[in-house]
Structure formats: C-alpha cells, structure tokens
Amino acid sequence: MTLYKRKNKTMQYDFNRIERDWQKYWAENQTFKASNNSDKPKYYVLDMFPYPSGAGLHVGHPLGYIASDIYARYKRHKGFNVLHPQGYDSFGLPAEQYAIQTGQHPAITTETNIKTYRRQLDQIGFSFDWSREVRTSNPEYYKWTQWIFIQLFESYYCNNDNKAKDITELVSIFSSEGNANVNVACDDDIEVFTAEAWNSFSTEEQQAILLKYRLTYLAETEVNWCPVLGTVLANDEIVNGVSERGGHPVVRKKMTQWSMRISAYAERLLQGLEAVDWTDSLKETQRNWIGKSVGATVSFNVTQSESEESHKIEVFTTRPDTIFGVSFMTLAPEHELVSILTTADQKEAVEAYIEKTAKRSERDRMADVKTISGVFTGAYAEHPFTKEPVQIWIGDYVLASYGTGAVMAVPCGDQRDYDFAKHFNIEIPNIFEGVDISEEAFTGKDNVKIANSDFLNGMNYKKASKLAIYELEKLGQGEGKTNYRLRDAVFSRQRYWGEPFPVYYVNGMPQMIDAQHLPIQLPEVEKYLPTEEGEPPLGRADVWAWDTKNNKVVSNDLCHSEQSEESHNGIYPLELNTMPGWAGSSWYFFRYMEEAANRGDVFASEDALKYWENVDLYIGGAEHATGHLLYSRFWVKLLKDRGFVNVEEPFKKLINQGMILGTSAFVKRIAWSLSGESDFDQTKLPYVCLSEDISEKIINKDAVAIVEIKNKLQKIIDDLGIGNLRVNNFSNDLDGLDFMPVHVKVQYVNASDELNIEGLKNDGEFGDDYANAIFIGNKGEIVEEGKGVFKVGREVEKMSKSKYNVVNPDNIVADYGADSLRLYEMFLGPLEQYKPWNTAGITGVHNFLKKLWKLYVDDNGLKINDAEPTKDNLKTLHKTIKKVQEDIENFSFNTSVSTFMIAVNELGAQKCTSKDVLEPLLVLISPYAPHIAEELYSKLGNSTSISTAAFPEFEASHLVESSKNYPISFNGKMRFTLELPMDLSKDEIEKAVMAHEKTIAQLEGRTPKKVIVVPGKIVNIVG
RNA sequence: GCUGAAGUGGUGGAAUUGGUAGACACGUUGGACUUAAAAUCCAAUGUCCAUUAGGACGUACGGGUUCAAGUCCCGUCUUCAGUACCA
C-alpha cells in the first residue's frame, strides 16, 4: 500500500512541484542571462514593459509575454545569443492618484506593485534576463532620460543635411552670417537678423532666439485647464465642456510648457516606415498621424481702405491648379485677422458668430459636420492672378489648428466649399472642362482638364499645379509647400510622479544643469496636489533650487529670485513641471543592452549598442500606435544624428497582440412588481434569479413559462406572509423591466455554464444579497443544494473588476500549472486577434500535458528506451518539426499547440518509447511548456537545461509517401477516395480511377467530357 | 465619410501557393470502470432527408471566373479598430 502510494505520487505529473523546482533552477543558474560577448548571432526579443498597477496581472496581460518568450526560447534552440529582458514603466498617474488619496509616497506604492508583478511573472516561467531589469522611476535610470533631454536642448535640426546637429554650430552661423539663409526647423515667428545684429544682442536675447530653434523648447501652449482637479486635461478627457472625471468646468489657459520639435522629423518618421516590418494597419495609422500633404501656400492681399495698413492672408492648398476657381475665402473664427478685417457693418454679426462658436468645444464642432454656418466679414481680398475682389468669410468648418487657419475656397472642386457657397448663395465658377457641377463639387483630379483658368487652360492637374506654383513664386505670392499634420509634442506635465527636468531659470530663461551633476532627484513634498496658486506639485517642495556654485539642489530659502542680480548668490529656482509618461519609455530598449554592472557612466556602452543594434522583435499592444511607437522612433533618430547610437529605427519587427476578453456571466434577477397593500419594505424582498433558458422563454413570450413563473413568484410572496400582495403580470415589452441581467463572478460558473449557487450565497463581497436569494432552474423548479441545475447567461466583454469577469493567472497556475496557462493562452487563437477567455477550455491543454507525461512515464517510472524508431514514429516526429518550425516563424502559435496534440496522440497510438523520437519532441515543446520539458529531459538523463539543446533538424526523407489517398471528385464534388501509388503517371492514375467500380457507378453509363488529374493532389471527373 | 482588419458548427478556432471544408480543443450525448462521485478511457457530434447503402444543402449575402472557390474578381450587408470639416 505504502509502496503503491509513493510510486504513484512520484510518477504523476506533479506540475506544482516541477514548476517550482525548475524556476528555482533557472534563477540559481542564471540560465537566461544574456552575454554581450558571444560568437553566436544576436537576437533581441522585447516586450513593451508594463506599468505596475495595483490590480496586478490578469490572464490577458501575459499573452504577449508568452508569445515573445516562446520566440526567445526558440531562437536560443536555433543557436542565437538572445536578449530577452523585462522591466517596469514605473512612473505614472495611478500611483500619484493613490498618493493624493492616502498620502503614501508613490515610490512605496510602486515598489509594492512591482513585487506583486514580479511574483506573478516568475510563476509563469518566463526566460527573462532579470539581471538587466530597468525601472523608469529609478534615479540611475532617469538620470539618462534627463541627459537625453539635454541633448535635445543642445540640438537643432538642419533641413539641408536632414539631421540634428549641435546648437553651437548654429550659433557660429548666426555670428558669421545671421539667419537669413539658414534652412532649419524652427518656430514660424522668427525675424531675420544679420551677423552684426546677432553679435549685438544680449546673452538673454540670444538665448530667447535660440529657444526657437532647439529640438526641445519652451512655448506658450493653450491647454485645457481644470482648476478643481488642478490639472491639464487631454481633449478626450473633456465632455461637453466639463471634465469627464467629476464634471468640473474646464477653461482654455495659456501655459508655458516644454515642447518637443518632433515635427522636424516628420518626413524621416514617414520614410522610416518603409524600412520596418510592421503591420500595414499600424504603419497606416502612423502615416495618417504624420499626415503629409503636398501643395502650396498662397498669400492673398487684403483689399485696403485708406485707413488700414496692408494685410495678407496666407492659405495652404493641395490644389494650386484650381486657383482660378476661388470665389471666396474662409477664415477660422479664431483667426487673428478677423477682428482687424471685419467692417463696421458686419462687426455685430461677426462677433455674435464668434461668441456662438466659442461655446462649442472643438470636439463638438468636429462632430457636427452637417450644419453649415458662417458670416461675411465685409472685407475682400485680391485674387493673385485675376486681381478680382474675393469675399472674406469666417466659418467654423475651418480649423484654426490646421494649416494657416484659413482656406481659399474653390466651391467647384471641394464639397465643403461647395456646400458653403450654395448655402450663402456665393458664385460657383466651373473650372473643369466638361464636368457638371450643378449637383455637387468635382473632387477628383485625374482625367480632367482645367478650363476658364487663363494660363492653366487645357492642362491636367499635375502640369497646372506646377505652373501655378511657378507663377505664384514669380509674383512673390506663394510657393510650393509640404504640410504635415504632426504637431510638436507638449512635454511638460503638472504632476509629481515623473522625471524632473534638469532645468533652472535665470531671469526666466531656462538653463540646463551640466550632465555631470545628474540625476536631479525628485524632491520630497508634503502633498501631491498642485499648490493653491495653481503651480504643479513640485511647487510645494522646500528644497528645490539650484546652487550653481556648489552644483547641488538646495533649499528654496536661499533663492531670492525677486532680488537683484548680485544678491541671488548663484542660486536659482528649478523647473516645477515633470516629464510625461512617454519620456522614460522612449529609450529603455537601449538601457537593456548594457549589463547592469557597467551602467554607471553611460546609458549603454558603445560596444553594447553596436552589438545589439536594435530590437529584432517587439511585442505589445496596439494602443501605443501613435504615442510610444512614434516618440521612441523620434528619440532614436535624434540619438543617431548626435552620434550616440547606430540605428535609425528602434524596432525592426513589431507585433500587436490582441486583447483577451472576459466571458461575463449573468443571472436574470426579478425586478419585483407588486400591487396591493402592505407595510412591508419592498427593498427587503428576496432576490429571485431565473436560469438562462427559462428567462429566454419568457422573453420569447412562452405563455406556459410565463404563467408558471408568475405562480412561483406569487407563492414566494405568499410564503413570506407579508400581506395581500399580488404579483403583477409581466409587461409586454420585456426589455429589462421584469428582470435584469446582473453580473456574477465567473469563478462560480463551470464549463457547462452552471452556477455554483452555494459559492455565490457564501461570497462575503455581496453581503446578504444572495444569501437568501431564490434560484429558479430551467424546469421552473427552485434550485437548492445539489438539486437542479441553474444556468447563467454569458457575454463577451472587456475584462474589468466591475464585470466580475477578471481571471487571475495565480489561480490558473495553482490549479493547472504555468505550462497549461502558457499553452492555453496560445491555443485560444491567433496572437493578434481579440478573443474571449473561458477557463473551462483549459482542461483540453491540461489533459494534453498529462498525456505527454504518460508518454514518458508510467507507474513503474520512465518507460523510454533505445529502441530503433519505427517509420511511423519518424514520420510523426518530422512532420511535427516541420510544422512547429514554420508556425513559430509565422507567429502562428495556436496551430503549433494543435500540432503537439496530434503528435502526442499519434505517438501514443504507436506506443512509441524510442528516445530518438521522444527526446527531440521535448525540445520542440520546450518553448511552449518549458517546465515539463525540462523535467522529462532531465529524467532522460540530461544534466543541462533543455534550453541549451539544439532545435531538431527536419529531414524531408521521413515524410516521403509511397502512396496517396486521392479524393475522386465528380464535377467538383468529392465522392470517394482511392489509395494509389505515388509514382503513377497521370495516365495511369486516370486509368486506375476510370476502371474503379465506384467511378462506373457514379457515371451511370455517361462518358466523361474531361478528366482532370493533378498527381499527388486530386482527380476530378467532368461530365 | 475615409483607412485598415474581419465575418466558417452550440463555442474557441484549422484549412501556407484555388484541390477531400470544419484539423485541434471545449461543450453536448451515449457507453466502460465505480456502491457512488470525481478522474480516466471508448464512441458519436455541421444542418436536413433517408436511418442500410446513400443523398441534398452548407464558409455573411448576391453575382462572376474556373474542371475545381472559405480562398480569386465585382457588388451589397454586418462587426471591430483607427481617424476625421486636414483645405
């Protein structure tokens, strides 16, 4: 008895023990530590690092990590030196919010959350090289984020050479020839100056000018400021003019903030997409975001009355060829010239219109595209060629934030201009030869000739555009121009939990702290809220001034910014804003390249950067398409230009994993509707829940079911003995009136959608809500302990705590093991697809692992021997090698899990015990289910980790078939199959098939018109 | 509106260049083992008709190309994602 028991125990698939042991082994032996010195080719597999939130991981989070881990492990088997690191994007809002609520320092919250994450990640058995971990909130890390910020500040973008350069080069150009001939990225409001003028400017004047050229610069930006929340809100955090959170008023406010001149890189960011292996949809998203449009700027002179000074209206157009079709102009209501141009007659109407549009948020304006509105300003501009007067209107279909905030309206060629002209009865000249524009504008540009356009007549779009631009340039009233939608990125946040800027201010001008004094560490504050004056939280710090003599952060008391130059004593106030979340994540992939021990003096050494280059495979969510993935490309290009890294693009191949959705469970709860007199508090009536099928019947107005349930409900009321109450009839429209679906925890639902009523009743979270609840089963019976079946309704929704459909991987690992979790996440479906999680299905892969185990081990121990593999054994093995290798390389992980199942089923049926087959099989499976693979591999007598084993070589010879089971089709319909030797010729196959009795039966005496024979594939008989 | 992706059994999903549609699982049903349950194993399982052979229909819908279409072409519908008065 004892013997039997012990034997059984050791020989069973004890996944908890196996996984614990091997995770320990990997950690102790640093099995997955990458080396920066290796003869092997390198391969860098990276996951988008997580923000460690307080909620921990749910089963959706590890999906991408499992996929990348499989790939990393596969690449190791294939002989690559693999870098597969992990870390934390640990600055961010939730920890700060928590700090505001509780006073707990965000660093503590973050540390706690990271511990949870690490524990959860470790138990899944990832092959991460944790020795290279990074945390963006660590001072040793953000030191280098600050350092990169300084590099941006010290750089300008040269359009001639198409790269960023040291700002000192620009200074020397200014001092020798002024700025008249420089072709660089800069603000639009720059005055031309000579070398003499430059040299005569004060230092401060020079600094102010340089700020307009630097790749990071201070600018007045209009922001959505919410005074109550004390914070700046993004456009989509505002609904109907108030904050989405809390409904507080929001005002537009100008603030001086740091911006990143990403627009300088617009063209390179666009071009760079050609070189990377990303999905088309992702590339397209970035292209749209960059929004390149080629056209021309045209300036229209405003027709002057004597008293006015001269004004010009600049417009951008993609259709300079249609310039003779201009019949009016439209300015955005916010356009700076509106108040100047408007005539006295029109003043009242214009102001009323501006006031009206100002009330509508930009979002509302964009959403409402149907209403046509606008006002004539009374002013006219002069057409550059015809010199005819052109009416100037304002209209809110023109956006101040795009182009110049003004358009030349060509109603015959643009639908919005057309609608506007029709609505206000403005002339619509037709400049397209032979095109009818009586109903709508002609918006195409191909296959049409320009007419009624003076020197452009008879030309096509291309020629006419070119000539129009040439003529405009000759007049000095326009030039060819490429416009980008991409805006410079605001880089300041009024938050505490982010990187402080290495910046102090002298007389309002920003100064960089010398890189050798970094990091500038976050100061301590008492509260994490903005100050009463509306300054960011760092405004509360007492020790937050920069001592330029001793190069350290000192108490604010020493800083007398108000006083004269002499008495400031070299101590100046520090920047109060912090950097946004994307700062730290824009370069972290380089930090991993350096081993932790060597990270002191560099963000990564030259050798490390040269060796690892960039990320070969990057896996993460699609929500970063225009944020992280654009900003990090921008920073990498800057670092390359300035000679710090060698690559133009950070991520060669990128895959977006799809989201795993929850399968929510519902009970249908009766909403009591009673009539009659009673003192009874109706809110105290018991919950009555209907099983899914019976509620369906009621919804479908099944008369029998309705009567039955109504009687049941009446009985429940009668049994309560609370007076003479009658249950009302079910209402006719059953939309949630008589019973409502209520979420219940998915953990109480089994694979057959049956509810564990006892579990729900005893769940403390719901108090007494369900303790006395009555459950009515499918047959109308009251379901009680162990009696009857109660089914829930199911629906696929995003995983969320409030929907009670979150599944924690901890429970899955405890119940089925990490290998089961890994396999199941992959088995669910294609990596990139959205798919629902249903814990019930995990038994499939779990049973597979048990079968796999039994292939190697029975009650008597290991059953593997050195027997010569049979032909079938080898065929199964090599079929599997081929398929799994192809699948991994195509990131089709779900199908390789099926392939493993087939292989194990076949080898089981073949009663295979041959080590020559079963050992390579383990290597195939090990990227997916590494723990069981390691365990069985060591049982086979290996003393090293299976991760060092070579991937089995596929040999096609084992798959050569001597015969083929041909499907025989008649008119395309498969009727029967016929086993024929592979080496038959076409004619021989045809002969064999035609002679077959089933063929004769099918033909019923007819003579086939045609017989298609594809050797090795199919036979089709027509006729 | 535009751009991109997709639509296959009760469910998740296979089907790599057009060549046996529904692999592999889940679920369901039946059976074996057991006092019983669980676990395990075996069998069936697209729909409909015939229940024995077999037949008809079937990959969102309507057409087309082809000996042969889930796959290619044209049109329509639906869902999801991104984006939006972009001049």
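Letters go in sequence order (proteins before strands), and every chain restarts at 1.
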Between B/rU79 and B/rC72, how far apart are the two P atoms, rounded to whole Å?
23 Å

What integer number of Å spans the C1' atoms of B/rG22 and B/rU8?
8 Å

With sequence neighbours left out, which residue pairs that include part of residues 843-853 of chain A fulfil the salt bridge (Lys or Arg N to Asp or Glu O under 4.0 Å) condition?
none

Expressed as a whole number of angstroms, how long is the span from A/K854:NZ to B/rC41:C1'?
9 Å

Over how many whole Å does the gap from A/K835 atom NZ to B/rG12 atom C1' extend?
10 Å

List the atom pairs, donor and acceptor, that lie under 3.5 Å between side-chain atoms in residues 622-631 of chain A and the rest of the protein, sequence neighbours left out.
residue	atom	partner	partner atom	Å
A/H628	ND1	A/S585	O	3.3
A/H628	NE2	A/Y618	OH	2.7

What is the distance, to the nearest angstrom, from the NZ atom on A/K292 to the C1' atom on B/rA87?
18 Å

Whole-angstrom distance between B/rU20 and B/rG75, as gauged at atom P
29 Å

Residues 826-838 of chain A vs side-chain hydrogen bond (donor to acceptor under 3.5 Å, both in side chains), sequence neighbours excluded, gives A/W837-A/T839

When the C1' atoms of B/rC74 and B/rU66 are compared, how many Å lie between them, rounded to an integer?
16 Å

When the C1' atoms of B/rA43 and B/rA36 are considered, how many whole Å apart are they?
24 Å

Nearest-Å distance, NZ (A/K481) to P (B/rA87)?
13 Å

Cation-aromatic face contact A/R633/A/W278, 6.0 Å, 45 degrees
yes

With the criterion being N/O to N/O and under 3.5 Å, what pairs connect the protein with nucleotides 55-61 of chain B, and how long is each?
residue	atom	partner	partner atom	Å
B/rA56	OP2	A/R975	NH1	3.2

Pick the nucleotide of RNA chain B nearest each of A/N971 and A/A622; which residue has the one closer to the 5' end?
A/N971

Could you pull out all residues at least two apart from A/H996 that satisfy ring-ring contact (aromatic ring centres under 6.0 Å, His included)?
A/F976

Contact letters for nucleotides 14-33 of chain B, in which S counts primed atoms plus P, OP1 and OP2 and B counts the base, heavy atoms under 4.0 Å
S-B--BB--BBSSSS-----

Whole-Å distance separating the CD atom of A/E692 from the P atom of B/rG10
17 Å

Between A/D488 and A/S263, is there a side-chain donor-acceptor contact under 3.5 Å, judged purely by atom types and distance?
yes

